[in-house]
Amino acid sequence: MPHISIKMLKGRTEEQKEKVANALADALVSSLGCSRRHVSVTVEDYTPQQWQDVFEQEITKKQDKLYISPGYDPKDLL
């Protein structure tokens, strides 16, 4: 059962969140050949200050699981 967790800075509309969630769910169905009914997606919003901790926990500490690395310094968001 694939699940996608989207973590990003606050500021997107509910419509934008729904659009990206549906696009990613469709990509999973297409790429993995799974059923759409098995896919789930969450969206979590963070302030730039909160993002520092998220970046540390989700990106810096998970280098062995990271398939695409960001090309920015999270401190630049402050």
Quick one, His3 and Thr42 - any side-chain contact, counting heavy atoms below 4.5 Å?
yes
Check: Ser40 and Met1 side chains under 4.5 Å, non-hydrogen atoms
no
Under 4.5 Å between side-chain heavy atoms, counting indirect links through other Ile/Leu/Val/Met/Phe/Trp/Tyr residues: same cluster for Leu66 and Ile6 or not?
no
Are any side-chain N or O atoms of Glu56 and backbone N or O atoms of Gln52, one a donor and one an acceptor, separated by less than 3.5 Å?
no
Ala25 versus Val41, closest heavy-atom pair with distance:
CB-CG2, 4.4 Å
If you round to the nearest 0.5 Å, how far is CG of Leu9 from CD of Gln49?
9.5 Å
Could you name each residue pair satisfying ring pair (Phe, Tyr, Trp, His ring centres under 6.0 Å) that touches residues 58-78, not counting sequence neighbours?
Phe55-Tyr72
Does the pair Arg12 and Val43 meet the rule for a side-chain contact (heavy atoms from CB on, under 4.5 Å), with working shown?
CA-CA 10 Å; Arg12 273 68 173 214; Val43 178; over 6 Å; no
CD/Gln16 to CD/Glu14 distance, rounded to the nearest 0.5 angstrom?
10.0 Å
Testing Val54, Leu77, Asp53 one by one against Tyr46 for a side chain to side chain contact (heavy atoms under 4.5 Å, CB included), which residue passes?
Val54
Measure across Cys34 and Val29 and return the closest heavy-atom pair with its distance rounded to 0.1 Å.
O-CG1, 3.4 Å
Step by step, would you call Lys17 with Asp45 a side-chain contact (heavy atoms from CB on, under 4.5 Å)?
CA-CA 10 Å; Lys17 293 174 192 178; Asp45 295 319; 2.4 Å; yes
Donor-acceptor under 3.5 Å (Ser30 side chain, Asp26 main chain):
no
Do you know the tightest heavy-atom contact between Met8 and Trp51?
N-CZ3, 3.9 Å
Residues, nucleotides or ligands: over 12 heavy atoms within 6.0 Å of Arg37 CZ:
no
Can you run down the salt bridge (Lys or Arg N to Asp or Glu O under 4.0 Å) pairs that involve residues 67-78, sequence neighbours left out, and say none if there aren't any?
none
Tell me the closest heavy-atom pair linking Leu28 and Pro2, and the distance in Å.
CD1-CB, 3.6 Å
So that I can tick it off, tell me whether Glu58 and Lys62 are bridged by a salt bridge, with the cut-off set at under 4.0 angstrom between side-chain N and carboxylate O.
yes
